[in-house]
Amino acid sequence: HLCLSSHQFSLLLKNPDQPQNAKSLKVAIVGAPNAGKSTLTNQLLGRKLFAVSEKVHTTRSRAIGVLTEDDTQIILLDTPGLTTPIKAKRHHLEESLLVDPFESIKEADLVVVLVDMSDKWTRNKLDYEVLKCLALNPDIPAILVLNKVDLLKNKTLLLDITAQLTEGVVNGKKIRIRGAEKPLEKLAAKRHSRHAEEPQSESMKDGLSQEGQDKDRLKALKSHRGWPLFKDVFMLSSIDREDVETLTKYLFDGAKPGQWQYHSEVLTDQGPEEMCINTIREKLLQHLPKEVPYGMTQQIEIWKESEDGVLDISIKLYVKKDTHMKMVIGPGGHLITRITQEAESDLMKMFLREVRLKISAKLKK
């Protein structure tokens, strides 16, 4: 039985198994922090791979998901959260998190802008960093994905929000979506070709290539709530698999002839150790107050296959403050036990094998 880490690693080194008419599509998923980027990536991959959390910024290294079917490969670039320096200070985020997310977007063939419909603070306008990202890469087609629409009870509100986020224009056509639900269904059902003429308003076209005007354009963006150049709009319910399948089909249909970059068995370029640490970080973020997990570091002390075929993992968690130590242990050691059990169960699903996880915390000031 091959240990997953060496198996995955050897697959990453393997030359991709190119089919005859290979097609590929690189997709960058962007959104405000906590828009649900990792969750969507997991849904597209069909299994739980990335650190998913309620709090900001759990995906710290650029994790990539790879989806291969028949002759087509979709590469998901899970961009670092678009963080502004002010937000970074507030959350004491590591320097490494402030990687330029725009870099990975430049590689993309398609940008997916994700908006969480259940978050009433962020759903009415696109995050400025997201708008900036779209304005600086106007040649890359973008689609809007509204997530968790099932949690929005008022469907008329859904239509109003869609109108705001698209400035009333999708694929160059005005959308009439006031009042009735019918046009919305039409909008969701219409899948436009990616190769359709890109209608750009004159003002957008002028001066895009002149760097001097970049700043003016970015300044003008501040007053915008939406983006009028989306090719398409998708609505995803957090409970309906079919919605994700519709989006997946759209991605596969949009792939262009191009070499595969990964062997077809690769799902992610994260090593298993990194996946393990991300999973534990996700649990810490879920169960502890915001600032606490960011001050913690993890060290893998044991990673070996035991005689009974179980993957034994032992993690040392270094904590900087006494108060944080008390929090992470929890009354009667309950919290650290719960975090260990939840992470262990997730790792088993990820690695498709039995895992025994042990986490111990140590004060390191």
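Side chains included, hydrogens not; waters and symmetry mates left out as well; all remaining heavy atoms used.
- Panel note: side chain Asp127, backbone Glu129; a donor-acceptor pair is recorded below 3.5 Å.
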Subject >> Pair Val292-Val328, side-chain contact (heavy atoms from CB on, under 4.5 Å): steps then yes or no >> reply: CA-CA 9 Å; Val292 178; Val328 76; 5.8 Å; no

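- Of all heavy-atom pairs spanning Met117 and Leu152, the tightest one is O-CD1, 3.7 Å.
- Taking 4.5 Å as the limit, some side-chain heavy atom of Lys283 sits within range of a side-chain heavy atom of Asp346.
- Hydrophobic clustering keeps Met235 apart from Leu151 (ILVMFWY residues linked when any side-chain heavy atoms are closer than 4.5 Å, directly or through intermediates).
- Using a 4.5 Å heavy-atom threshold, the side chains of Val319 and Lys362 count as separate.
- Considering only heavy atoms from C-beta on, Leu236 stays 4.5 Å or farther from Val149 through its side chain.
- The pair Lys326-Asp322 fails the salt-bridge criterion, with no side-chain N (NZ, NE, NH1 or NH2) lying under 4.0 Å from an Asp/Glu carboxylate O.
- For the pair Asn137 (side chain) and Lys106 (backbone), a donor-acceptor distance under 3.5 Å is absent.
- Contacts of Glu301 classified as salt bridge (charged side-chain N to carboxylate O under 4.0 Å, His left out), with partners at least two apart in sequence or in another chain: Lys316.
- Annotation: side-chain hydrogen bond (donor to acceptor under 3.5 Å, both in side chains) contacts of Gln299 (sequence neighbours excluded): Tyr318.
- At least one side-chain heavy atom of His287 sits less than 4.5 Å from a side-chain heavy atom of Leu335.
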**OP:** List the steps, then state whether side-chain contact (heavy atoms from CB on, under 4.5 Å) holds for Ile302 with Ile313.
**Re:** CA-CA 5 Å; Ile302 297 169; Ile313 305 172; over 6 Å; no

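- Here the side chain of Trp260 pairs a donor or acceptor atom with the backbone of Lys23 at under 3.5 angstrom.
- Remark: of the listed residues Val113, Leu221, Val30, Ile105, Val113 is the sole one forming a side chain to side chain contact (heavy atoms under 4.5 Å, CB included) with Leu134.
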**OP:** Check step by step if side-chain hydrogen bond (donor to acceptor under 3.5 Å, both in side chains) holds for Gln73 and Thr68.
**Re:** CA-CA 4 Å; Gln73 187 165 82; Thr68 308; 3.1 Å; yes

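- A donor atom on one side chain and an acceptor atom on the other are not found under 3.5 Å apart for Asp70 and Thr72.
- At a threshold of 4.5 Å between side-chain heavy atoms, the hydrophobic network of Ile, Leu, Val, Met, Phe, Trp and Tyr places Met325 and Ile315 in one connected group.
- Leu311 is listed as a side-chain neighbour of Trp303, based on a closest heavy-atom distance under 4.5 Å.
- The minimum heavy-atom distance between Asp116 and Lys148, with the atom names listed, is OD2-NZ, 3.3 Å.
- Within the 4.5 Å cutoff, no side-chain heavy atoms of Trp227 are placed close to those of Glu167.
- With hydrogens and angles ignored, the 3.5 Å screen pairs a side-chain donor or acceptor of Ser306 with a backbone N or O of Val310.
- Here the straight-line distance linking atom CG of Asn278 with atom CD of Glu282 works out to 8.5 Å at 0.5 Å rounding.
- Taking CZ of Arg225 as the start and CD of Gln164 as the end, the distance is 5.0 Å to the nearest 0.5 Å.
- A distance of 10.0 Å separates OG in Ser223 from OH in Tyr128, rounded to the nearest 0.5 Å.
- There is no path of hydrophobic side-chain contacts, each under 4.5 Å, that joins Val169 to Ile140.
- Here the straight-line distance linking atom CG of Asp243 with atom CG of Leu146 works out to 11.0 Å at 0.5 Å rounding.
- The distance from atom CD1 of Ile339 to atom OG1 of Thr279, rounded to the nearest 0.5 Å, is 13.0 Å.
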Original post:
After noting the C-alpha distance and the side-chain angles of Phe234 and Leu144, does the key distance pass the side-chain contact (heavy atoms from CB on, under 4.5 Å) rule?
Top reply: CA-CA 6 Å; Phe234 285 82; Leu144 175 66; over 6 Å; no

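- Considering all non-hydrogen atoms of both residues, Ala343 and Ile280 come closest at CB-CG1, 4.1 Å.
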Subject >> Candidate pair Ile143 and Leu110, rule side-chain contact (heavy atoms from CB on, under 4.5 Å), full reasoning >> reply: CA-CA 8 Å; Ile143 61 172; Leu110 178 73; 4.2 Å; yes

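- Side chain of Ser345 to main chain of Gln341: no donor-acceptor pair is present (N/O by atom type, distance under 3.5 Å, no hydrogens or angles).
- Listed by chain and number, the residues in a salt bridge (charged side-chain N to carboxylate O under 4.0 Å, His left out) with Lys321 amount to none (sequence neighbours excluded).
- Residues Glu245 and Lys249 are not paired through a salt bridge, judged by the lack of any N-O separation under 4.0 Å between the basic side chain and the carboxylate.
- Under the 4.5 Å side-chain criterion, counting only non-hydrogen atoms from C-beta, Ile300 is not in contact with Ser314.
- When every heavy atom of Glu344 is checked against every heavy atom of Arg356, the shortest pair comes out as OE2-CA, 3.4 Å.
- Contact annotation: the side chain of Asn124 approaches that of Ile161 to within less than 4.5 Å [non-hydrogen atoms, C-beta and beyond].
- Rounding to the nearest 0.5 Å places NZ of Lys364 at 14.0 Å from CE of Met296.
- Between Phe230 and Leu165, the shortest heavy-atom distance links the atoms CE1-O, 3.6 Å.
- Residue Asp109 comes nearest to Ser24 through the heavy atom pair OD2-O, 4.3 Å, listed as atom of the first residue, atom of the second, then distance.
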